[in-house]
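Notes follow once the structure below has been shown.
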Amino acid sequence: MPELPEVEVVRRGLADHVVGRRVASAEFLHPRVTRRHVEGPADAVARSSAVTVADAVRRGKYLWMPLADASGTATDALLVHLGMSGQLLVEGADAPDEKHLRARWRFADDGPQLRFVDQRTFGGVAVAPLVPTADGGPGGRGEHPEASWGAWLPASVAHIARDPLDPAFDDAGFARRLRLRTTGLKRALLDQTLVSGVGNIYADEALWRARLHYARPTRTLPVAAALQVLSALRDVMAEALAAGGTSFDSLYVDVNGASGYFDRSLAAYGQEGRPCPRCGTPIRRDAFMNRSSFSCPRCQPRPRNAHL
DNA sequence: CGCATATCCTGACCGC
DNA sequence: TGCGGTCAGGATATGC
């Protein structure tokens with residue numbers, strides 16, 4: 001399941017193999033892939049053809065490529081969300097179509113194609129106009145991929161918060177907004193309008209590292225604890241990114257989620273019954289939010305005033 | 001409006 | 001071998 005580190009691996013692959021190339025034609029092979037593009041698939045084809053891919057940018061789990069017209073101006077971006085099972089692949093024209101091939105872009109240089117493959121069709125593609133960011137820019141100093149395209153993002157992504165690896169992320173603002181919520185801590189971490197890029201896997205891992213229970217009420221969470229969760233998110237995502245960055249082939253823009261490489265490093269997620277790496281207590285699995293939460297019963301005791 | 005839940009989808013897996 | 005049930009979960013529509 002692609003979360004922030006997996007999407008960043010994909011972004012880097014696009015930066016290496018797609019940015020700077022001119023798209024000759026676009027093709028969408030499944031109606032669901034463009035369901036978020038309100039003007040319809042024909043419009044998406046038109047607006048992502050005969051353009052040059054100017055950059056590859058990410059915020060949280062959203063990925064986009066500003067598309068430059070003949071004058072070099074980019075007013076639109078090709079926006080991709082991988083959903084649960086989406087993959088972006090860079091492959092030669094002779095490679096057979098994948099069973100779940102949903103979209104394809106051919107390039108004017110006749111080099112490898114870009115393909116979107118998605119078994120479960122939770123992912124999607126849209127062409128969206130670029131608009132200024134609400135908080136006015138990336139903050140300038142970092143390596144974050146959004147920095148090069150500065151203060152712009154697709155209009156349909158404007159409601160998504162910055163992610164923990166973004167140098168312009170507002171730590172104090174996050175803690176303040178978190179404490180205004182009346183909910184449980186993990187619910188809040190999964191809310192992409194508060195902090196983006198966090199899914200079930202990294203939420204569980206960060207909570208384990210911070211020794212906090214998923215149902216800890218946000219309203220009374222100390223600021224220091226909120227900042228510790230943020231720090232844990234940054235650590236685990238950076239480690240996963242480092243692990244993922246070593247394993248992908250140069251012509252394969254890999255997204256295999258955590259199953260490919262980082263699963264060996266998971267302390268809690270998917271580890272039901274196995275000993276907690278810190279204290280040896282068997283990791284427990286709880287049904288929560290229509291999915292599973294994994295935690296250590298000893299390191300992460302359920303608070304007496306647990307939210308739900 | 002804030003918060004919680006139902007829903008979309010397909011393939012792997014399990015017990016019988 | 002097949003069959004029904006369960007599970008995986010990101011984002012959003014809907015409901016309270």
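Below, chains carry the letters A, B, ... as their sequence lines are ordered, and counting in each starts from 1.
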For this session: Apply side-chain contact (heavy atoms from CB on, under 4.5 Å) to A/A158 and list each qualifying residue two or more places apart in sequence or on a separate chain.
Result: none
Exercise. Please give, in whole Å, the distance from C/dA11 P to A/L63 CG?
Worked result: 13 Å
Exercise. Between C/dA11 atom P and A/L189 atom CG, what is the distance in whole Å?
Worked result: 14 Å
Exercise. Among A/D204, A/D191, A/D286, which one satisfies salt bridge (charged side-chain N to carboxylate O under 4.0 Å, His left out) with A/K186?
Worked result: A/D204
Seminar exercise, completed: Tested for side-chain hydrogen bond (donor to acceptor under 3.5 Å, both in side chains) against A/S295, the lone hit among A/R284, A/R285, A/R302, A/Q300 is A/R284
Exercise. Is any side-chain N of the basic residue among A/E205 and A/R209 closer than 4.0 Å to the acidic one's carboxylate O?
Worked result: no
For this session: Specify the separation, in whole Å, of atom CG of A/L82 and atom C1' of B/dC9.
Result: 16 Å
Problem set entry | Watson-Crick or G-U stems involving DNA chain C, each at least 3 pairs long, distances under 3.5 Å, ordered by first number | B:2-16 with C:2-16
Table of protein N/O atoms under 3.5 Å from nucleotides 4-6 of chain B N/O atoms:
{"residue": "B/dA4", "atom": "OP1", "partner": "A/H307", "partner atom": "NE2", "Å": "2.3"}
{"residue": "B/dA4", "atom": "OP2", "partner": "A/T183", "partner atom": "OG1", "Å": "2.7"}
{"residue": "B/dT5", "atom": "OP2", "partner": "A/R187", "partner atom": "NH2", "Å": "2.9"}

What does the list of N/O pairs under 3.5 Å between the protein and nucleotides 12-16 of chain C look like, with a distance for each?
{"residue": "C/dT12", "atom": "OP2", "partner": "A/H159", "partner atom": "NE2", "Å": "3.4"}

Exercise. Hey, does the side chain of A/S292 come within less than 4.0 Å of C/dA8's phosphate (OP1/OP2), counting only N and O?
Worked result: yes
For this session: Check for a donor-acceptor pair, side chain of A/R106 on one end and backbone N or O of A/A24 on the other, with a separation under 3.5 Å.
Result: no
For this session: Can you tell me the distance, in whole Å, between the CG atom of A/N200 and the C1' atom of C/dC7?
Result: 12 Å
Exercise. Does A/Q119 put a side-chain nitrogen or oxygen below 4.0 Å from OP1 or OP2 of B/dG11?
Worked result: no
Problem set entry | Earlier contact from the 5' end, DNA chain B, for A/H30 and A/L180 | A/L180
For this session: Report the residues that fulfil side-chain contact (heavy atoms from CB on, under 4.5 Å) with A/A44, sequence neighbours left out, ordered by chain and then residue number.
Result: A/F28, A/T34, A/H37, A/V127
Problem set entry | Where at least one partner belongs to residues 167-178 of chain A, residue pairs that pass side chain to side chain donor-acceptor pair (under 3.5 Å), sequence neighbours excluded | A/D171-A/R234
Seminar exercise, completed: A/D118 atom CG is separated from C/dA11 atom C1', nearest whole Å, by 13 Å
For this session: In plain terms, say whether A/D118 and A/R102 are close enough for a salt bridge, that is, a side-chain N and a carboxylate O under 4.0 Å apart.
Result: no
For this session: Before giving the answer on side chain to side chain contact (heavy atoms under 4.5 Å, CB included), spell out for A/L189 and A/Y214 the whole-Å C-alpha distance, their side-chain angles and the decisive distance to 0.1 Å.
Result: CA-CA 9 Å; A/L189 295 180; A/Y214 59 82; over 6 Å; no
For this session: Would you indicate whether A/R298, at its atom CZ, is surrounded by more than 12 heavy atoms from other residues, nucleotides or ligands within a distance under 6.0 Å?
Result: no
Exercise. Please give, in whole Å, the distance from B/dG2 P to A/L178 CG?
Worked result: 15 Å
Problem set entry | Residues A/T218 and A/R181: side-chain donor-acceptor under 3.5 angstrom | no
Exercise. In terms of ring plane angle, is the pair A/H159 and A/Y62 parallel, tilted or perpendicular, where the classes change at 30° and 60°?
Worked result: perpendicular
For this session: Return no unless some side-chain N or O of A/K99 is found under 4.0 Å from OP1 or OP2 of B/dT10.
Result: no
For this session: Take atom CZ of A/R32 and atom P of C/dA11, then tell me their distance rounded to the nearest Å.
Result: 14 Å
Exercise. For the pair made of CZ in A/R120 and P in C/dC7, what is the distance, rounded to whole Å?
Worked result: 14 Å
Problem set entry | B/dG11 phosphate, OP1 or OP2, under 4.0 Å from A/H100 side-chain N/O | yes
